[in-house]
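A note on names: the letters A, B, ... follow the listed sequences, proteins ahead of strands, and every chain is numbered from 1.
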Protein chains: 2
Amino acid sequence: MTRTHEKVSAPAGEGHARHTRESAAAGVEQALKLLDGRWKLVILFHLFGGRVLRFSDLERAIPAVSQKMLAQQLRQMERDGIVRRTVHQQVPPKVEYGLTAWGQALCPALDALLTWAALRDNPTAAAAESVGASPVRTSAVADAEPP
Amino acid sequence: MTRTHEKVSAPAGEGHARHTRESAAAGVEQALKLLDGRWKLVILFHLFGGRVLRFSDLERAIPAVSQKMLAQQLRQMERDGIVRRTVHQQVPPKVEYGLTAWGQALCPALDALLTWAALRDNPTAAAAESVGASPVRTSAVADAEPP
DNA sequence: CAGCATCCTACGGGATACTG
DNA sequence: CAGTATCCCGTAGGATGCTG
């Protein structure tokens, strides 16, 4: 990823199930490209669970990010259909960000990655390998900080 | 990702289950960093399924990659414990690459990403959301090109 | 408040050439 | 065969400043 490169030119003929090694790699690359960006994941995890935050909330939640970057990455995710942007026509301006259903659906996939990472030292391999064996709770994030 | 940056400084105190929004994001970032690199995924998918290939095999399988890049990315994945490198002491040199168990374990996770990507237009949402509901076959790649 | 616009830099990675 | 070494460029993304 990293590069805009592409050139992958996927066959784009399959429904979704059958992949050659190349098309599978290309597919995953495509998917990862949507998540590429220094802040996308942090934003994502702050929005998981149906949370809706204003721009300034996100700024506060992620102090290290610059306005430019925050805006940019939010815009990209909006274009990609991951984030829903709601503008409340009023002064002072108020813009809220939340996840689309598809965006929410990312959670289990990221969960799988987390699980995989945890597997490195944790040789619960055999059992844990079937990612969604135990009910995938679409959470991955413990609800710390109760309101 | 993209950048070497880091600065995430994960708490590194949890077993593997409980995450704050930040630590979860950091965890996924860590995981994705291991996959970052223009050729890692293609290599990975060529090695999935217990396949063992020589350097030249990979060169042939991935014509677009340069020797430098192929070597570099293989080295990185080796350092990360994803790929196993076997040197056969002989002339001419012969080096084989295969996945470690942990490397293999990446398959379901990538599968989850593929599934998610497929979900974009395919609103089989409700059912498909539980990633591993149907038996995860640790394949993701249809065995095309029979020997 | 929620942003664009601009400038600048560091790093990923391509091309090419050389070796044990 | 299986790499290393060198050079060079494009782009992500940080800093900073201006607006509806």
Side-chain angles (χ1 to χ4, degrees), chain A residues 1-8 25 29 32-44 46-47 52-80 83-98, chain B residues 1-8 25 29 32-44 46-47 52-80 83-98:
Chain A
M1 339 349 159
T2 294
R3 273 307 186 51
T4 318
H5 242 201
E6 259 341 74
K7 186 175 292 180
V8 284
E29 268 176 53
L32 289 185
K33 203 160 48 124
L34 305 183
L35 306 180
D36 203 13
R38 179 76 184 72
W39 307 102
K40 299 245 182 95
L41 288 170
V42 210
I43 296 172
L44 226 20
H46 273 281
L47 259 32
V52 175
L53 300 177
R54 320 182 32 166
F55 191 86
S56 50
D57 291 333
L58 284 167
E59 270 189 288
R60 237 165 292 118
I62 316 170
V65 74
S66 67
Q67 290 187 319
K68 170 198 169 183
M69 276 301 118
L70 185 54
Q72 184 183 102
Q73 317 251 313
L74 281 167
R75 295 300 218 213
Q76 288 177 16
M77 298 180 99
E78 190 198 355
R79 291 160 80 92
D80 296 335
V83 159
R84 173 162 8 247
R85 182 167 177 264
T86 324
V87 182
H88 300 258
Q89 205 33 17
Q90 62 182 246
V91 18
K94 175 174 173 180
V95 184
E96 290 183 321
Y97 294 93
Chain B
M1 336 5 177
T2 293
R3 272 306 183 54
T4 319
H5 241 201
E6 261 340 77
K7 184 174 297 182
V8 285
E29 270 176 52
L32 290 185
K33 204 162 47 128
L34 304 183
L35 306 181
D36 203 14
R38 181 73 184 80
W39 305 102
K40 298 247 182 91
L41 288 170
V42 211
I43 297 172
L44 227 21
H46 273 281
L47 258 32
V52 174
L53 300 177
R54 320 183 33 168
F55 190 87
S56 48
D57 291 333
L58 285 166
E59 271 191 286
R60 235 166 293 119
I62 315 170
V65 74
S66 67
Q67 289 187 319
K68 170 199 170 183
M69 278 299 117
L70 184 55
Q72 184 184 99
Q73 317 251 315
L74 282 168
R75 294 300 217 212
Q76 288 179 14
M77 300 181 98
E78 189 198 356
R79 290 160 80 93
D80 296 335
V83 159
R84 176 166 2 252
R85 182 166 177 266
T86 324
V87 182
H88 299 258
Q89 209 26 24
Q90 62 182 246
V91 15
K94 176 175 175 180
V95 182
E96 290 183 321
Y97 295 92

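Computed from coordinates, the A/D36 CG to C/dG13 C1' distance equals 14 Å when rounded to whole Å. Going from atom CD1 of B/I43 over to atom C1' of D/dA2 covers 14 Å, rounded to whole Å. When rounded to the nearest whole Å, the span between CG of B/L32 and P of C/dG12 equals 16 Å. Taking atom NZ of B/K33 as the reference point, atom P of C/dG12 lies 10 Å away to the nearest angstrom. Rounded to whole Å, atom P of D/dG3 lies 12 Å from atom CD of B/E96. The distance between atom CZ of A/R38 and atom C1' of C/dC11, rounded to the nearest whole Å, is 14 Å.
For the helix from C/dC1-D/dG20 to C/dG20-D/dC1, the terminal axes (five pairs an end, C1' atoms, rotation from four pairs onto the next four) enclose an angle of 50°, given to 10 degrees.
Taking every heavy atom of both residues into account, A/A61 and A/P63 meet most closely at O-CD, 3.4 Å. Between B/L47 and B/G98, the shortest heavy-atom distance links the atoms CG-CA, 4.2 Å. For the pair B/W39 and B/Q73, the tightest heavy-atom approach, listed with the atom from each and the gap, is N-OE1, 3.1 Å.
Ion pairing between a basic and an acidic side chain is recognised when a charged N comes within 4.0 Å of a carboxylate O; B/R84 and B/E96 show no such pairing. By the 4.0 Å N-to-carboxylate-O rule, B/D57 lies close enough to B/R60 to be salt-bridged with it. Between A/R38 and B/E29, at least one side-chain N (NZ, or NE/NH1/NH2) sits under 4.0 Å from a carboxylate O, which counts as a salt bridge.
To the nearest 0.5 Å, the span separating CD1 on A/I43 from CG on A/L74 amounts to 4.5 Å.
Comparing D/dG20, D/dC1, D/dG3 by their nearest atom to the side chain of B/R85 picks out D/dG3. In the set C/dC4, C/dG14, D/dG3, C/dC4 carries the atom at the smallest distance from any side-chain atom of A/R75.
Near DNA chain C, defined here as any heavy-atom distance below 4.0 Å, the residues from residues 54-74 of chain A are A/R54, A/F55, A/S56, A/Q67, A/K68, A/A71, listed numerically.
At a cut-off of 3.5 Å, with distance as the only test, a side-chain donor of B/K40 or B/Q76 sits close to an acceptor on the other residue.
A/R79 CZ: 12 or fewer foreign heavy atoms inside a 6.0 Å radius.
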